[in-house]
Amino acid sequence: MKFENVRLAAIGALVPDEVWSSDEIEHRLEPLYQRLKLPEGRLELMSGIAQRRVWPVGTVPSGPSIQAGKQALAAAGLPAESIGCLIHASVCRDFLEPATASRVHHGIGLSSNCWVYDVSNACLGLINGAIQIAMMIQSGAIDAGIVVGTENSRMLLESTIQSLNGDTTLRRKDIKGAFASLTIGSGSCAWLLAHERLAPEATCIDVGIAEARTRFHDLCVSDSDSAGASMQPLMETDSEQLMAEGIATGVAAFEKLLAESGWTRDAIDRTVCHQVGTRHRVAMLQSMGLSTERDSVSFPQLGNTGSVALPLTVASAADQGDLSGGDRVAMLGIGSGINSVMLAARWGQTPVAGNIKAIQNAPLALKIPS
């Protein structure tokens, strides 16, 4: 899809205060590490993730999503009645029904003349939601919309640690898939998109593309649908194949993005890839023929924050000054399924509200509560 008048008017970005280090998680896994004689530092070495953050006990996704949505709305300087669509798009939801978007819509104080619904597509939910809103703006159906989501990793981290320590039948070869669950972090992000007449100087969203290779849908599977309330460890059937097929899907999608945007690799000023870990990032960018020097990351401080990983990294890059006016930015989303969704954007004046600056000088990790 090509867009002519869609702008990323503002971003609201929130990260939790509580920090869990990879070292501390390994300390919690001492029974497993001792039994299998695993070397300390394995988790950070494998992933490149030093820390991840968790929301306080009892946090439901709608809470931070409401805050992030309000921040984006205030930063854009638009009235609530201008928002014609509110999409909640994270993996984590408050409940199966009604849509978590209903609670977020009410909490932000948006008008009754608004499309309100949830979207779920693993790590691609927010990007899918952004494209849906962009299409509605392009068609003239609405003037502006907000896509928002909140991922909460606390339950998954706690249940994974408990499961790994409690199952004495596990061997080294059994735990590799479960270790991916220990890289998951928490965060919340809202993107407010608007017609150019409402935000003429903001970032231009030019192109959105998708690539679906769903024959590989079984390579990364969570527990049954429970809206994130009781997620169990993610068990990958073949993590090596997952990475290989994910990269192949991303490379095919990137070729589409180049063709639709008319850009060349050399013309791209900044990339933001999905935030899984060091090995995945390097292999993905190399396969696409892109430089790691021009790629922004957040996973060392935030871990893999699922659907908000790419949007939060865009927010962090903007906040740190990695993005300048006129920069051509390629946003390279990959998600289990396997699906890929990518955006081509020309950076403009897009304010970032919230506490994303906290990850720039991340404190020493706090002790994980026993």
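Quick note: residue numbers are just sequence positions, from 1. All figures in this text were calculated on a predicted structure; none of them were measured in a lab. Just the heavy atoms: all of them, side chains too, but no hydrogens, waters or symmetry mates, feed the values below.
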key: Cation-aromatic face contact Arg52/Phe299, 6.0 Å, 45 degrees   = no

message = Would you say Ile359 ends up clustered with Ile49 if hydrophobic residues are merged whenever their side chains have heavy atoms under 4.5 Å apart, either directly or through other cluster members?
response = no

Contact summary for Ala76 and Leu192, nearest pair of heavy atoms = CB-CD1, 4.0 Å

message = If the threshold is 4.0 Å, N to carboxylate O, is there a salt bridge linking Asp94 and Arg103?
response = yes

query = When you measure from the side chain of Arg172 to the backbone N and O of Lys37, does any donor-acceptor pair fall under 3.5 Å?
reply = yes

ask   = For residues 257-266, which residue pairs qualify under side chain to side chain donor-acceptor pair (under 3.5 Å), counting only residues two or more places apart or in two chains?
value = Glu255-Arg265

request  = Please round to the nearest 0.5 Å and tell me the distance separating atom NE2 of His88 and atom OG of Ser65.
outcome  = 3.0 Å

task = Report yes if some heavy atom in the side chain of Thr249 is under 4.5 Å from a heavy atom in the side chain of Asn339; otherwise report no.
result = no

Nearest atoms (heavy-atom pairs only) where Met342 meets Ile334 = CE-CD1, 4.3 Å

query = At what distance, to the nearest 0.5 angstrom, does CD of Gln275 lie from OG of Ser296?
reply = 8.5 Å

message = So, taking the atom named OG in Ser287 and the one named CZ in Phe254, what distance separates them when rounded to the nearest 0.5 Å?
response = 11.5 Å

key: Val207 and Met1: CA distance, side-chain angles, deciding distance, side chain to side chain contact (heavy atoms under 4.5 Å, CB included) verdict   = CA-CA 6 Å; Val207 174; Met1 184 68 188; over 6 Å; no

request  = Any chance you could lay out the salt bridge (Lys or Arg N to Asp or Glu O under 4.0 Å) test for Arg213 and Glu211, step after step, and finish with the verdict?
outcome  = CA-CA 7 Å; Arg213 296 195 174 186; Glu211 172 77 9; 3.2 Å; yes

inquiry  = Under a plain distance cut-off of 3.5 Å, with no hydrogens placed, do Ser90 and Thr150 share a side-chain donor-acceptor pair?
reply    = no

ask   = How far apart are the closest heavy atoms of Pro351 and Ala75, and which atoms are they?
value = CG-O, 3.5 Å

request  = Please confirm whether the backbone N or O of Ser324 pairs with a side-chain atom of Asp327, one donor and one acceptor, at under 3.5 Å?
outcome  = yes

request  = Decide salt bridge (Lys or Arg N to Asp or Glu O under 4.0 Å) for Arg215 and Glu245; before the verdict, give the C-alpha distance in whole Å, the side-chain angles of both, and the deciding distance to 0.1 Å.
outcome  = CA-CA 10 Å; Arg215 63 185 179 277; Glu245 298 300 346; 5.5 Å; no

query = Under 4.5 Å between any side-chain heavy atoms of Val282 and Met284, yes or no?
reply = no

ask   = Is a side-chain N or O of Lys256 found less than 3.5 angstrom from the main chain of Ala210, in a donor-acceptor match?
value = yes

message = So Cys204 and Arg7, do their side chains get closer than 4.5 Å, heavy atoms only?
response = yes

ask   = Given the rule that I, L, V, M, F, W and Y join up when any side-chain heavy atoms are under 4.5 Å apart, are Val116 and Leu73 in one cluster?
value = no

inquiry  = For Ser153 versus Val54, what's the shortest heavy-atom pair and its separation?
reply    = OG-CG1, 3.6 Å

inquiry  = Do Asp322 and Arg270 make a side-chain contact, defined as non-hydrogen atoms from C-beta onward lying under 4.5 Å apart?
reply    = yes

inquiry  = Do Ile184 and Val297 land in one hydrophobic cluster if side-chain heavy atoms of ILVMFWY residues count as linked below 4.5 Å?
reply    = no

inquiry  = Glu26 vs Tyr33, test: side-chain hydrogen bond (donor to acceptor under 3.5 Å, both in side chains). Steps then yes/no.
reply    = CA-CA 8 Å; Glu26 289 185 327; Tyr33 270 58; 2.7 Å; yes

ask   = With no hydrogens and no angle check, is any side-chain donor or acceptor of Arg346 less than 3.5 Å from a backbone partner on Gly326?
value = no

ask   = So do Arg93 and Val60 actually touch side chain to side chain, heavy atoms under 4.5 Å?
value = no

message = Donor-acceptor check, side chain of Ser188 to backbone of Gly149, threshold 3.5 angstrom: yes or no?
response = yes

task = Mind checking the CG-OG1 spacing from Asp174 to Thr169? Nearest 0.5 Å is all I need.
result = 7.0 Å

key: Residue pair Val341 / Ile131, side-chain heavy-atom distance below 4.5 Å   = yes

ask   = Is any side-chain heavy atom of Val272 closer than 4.5 Å to a side-chain heavy atom of Leu332?
value = no

task = Would you please test Asp269 and Arg294 for salt bridge (Lys or Arg N to Asp or Glu O under 4.0 Å) and show each step?
result = CA-CA 7 Å; Asp269 299 295; Arg294 291 185 290 176; 5.5 Å; no

task = Look only at the side chain of Ser47 and the backbone of Leu43, and say whether a donor-acceptor pair between them is shorter than 3.5 Å.
result = yes

task = Go through Trp191 and Leu8 one step at a time and tell me if the side chain to side chain contact (heavy atoms under 4.5 Å, CB included) criterion holds.
result = CA-CA 7 Å; Trp191 280 10; Leu8 177 57; 3.8 Å; yes

message = I'd like to know if the side chain of Arg35 reaches the main chain of Asn165, judged simply by a donor and an acceptor atom lying under 3.5 Å from each other, with no hydrogens or angles considered.
response = no

message = Between Ser163 (side chain only) and Ser159 (backbone N and O only), is there a donor and an acceptor less than 3.5 Å apart?
response = no

ask   = Ser186 side chain to Arg53 main-chain N or O, any donor-acceptor pair under 3.5 Å?
value = yes

inquiry  = Just so I know, are the side chains of Val147 and Val119 near enough to count as touching, which here means a heavy-atom distance under 4.5 Å?
reply    = no

request  = Rounded to the nearest 0.5 Å, what's the gap from SG on Cys189 to CG on Leu126? Could you check?
outcome  = 6.5 Å

request  = Would you check, one step at a time, whether the test side chain to side chain contact (heavy atoms under 4.5 Å, CB included) holds for Val148 with Ile108?
outcome  = CA-CA 11 Å; Val148 63; Ile108 297 176; 5.5 Å; no

query = Counting distance only, does the side-chain N/O of Ser21 pair as donor-acceptor with the main-chain N or O of Glu24 below 3.5 Å?
reply = yes

query = Same cluster for Leu323 and Ile11 if Ile/Leu/Val/Met/Phe/Trp/Tyr side chains link at under 4.5 Å?
reply = yes

message = Any donor-acceptor pair under 3.5 Å linking the side-chain atoms of His195 with those of Asn5?
response = yes

ask   = Can you name the nearest heavy-atom pair linking Asp118 to Ala101, along with the distance?
value = OD1-N, 2.9 Å

query = What pair of heavy atoms forms the shortest contact from Ala50 to Glu44, and how long is it?
reply = CB-OE2, 3.6 Å

ask   = At what distance, to the nearest 0.5 angstrom, does CG of Leu285 lie from NE2 of His280?
value = 9.0 Å

task = Any chance you could lay out the side-chain hydrogen bond (donor to acceptor under 3.5 Å, both in side chains) test for Ser316 and Gln320, step after step, and finish with the verdict?
result = CA-CA 6 Å; Ser316 177; Gln320 294 182 58; 2.7 Å; yes

request  = Apply side chain to side chain contact (heavy atoms under 4.5 Å, CB included) to Phe3 and Met135, showing your working.
outcome  = CA-CA 8 Å; Phe3 305 105; Met135 288 179 174; 4.0 Å; yes

query = Have Thr271 and Asp295 got a donor and an acceptor in their side chains that come within less than 3.5 Å?
reply = yes

Per-pair distances, 0.1 Å, donor-acceptor, side chain in residues 303-312, under 3.5 Å, sequence neighbours excluded:
from	atom 1	to	atom 2	distance (Å)
Asn304	OD1	Gly306	N	2.9
Thr305	OG1	Ala309	N	3.2
Ser307	OG	Glu151	OE2	2.6

query = Is there a path from Ile87 to Ile146 through hydrophobic residues (I, L, V, M, F, W, Y) whose side chains come within less than 4.5 Å of each other?
reply = no

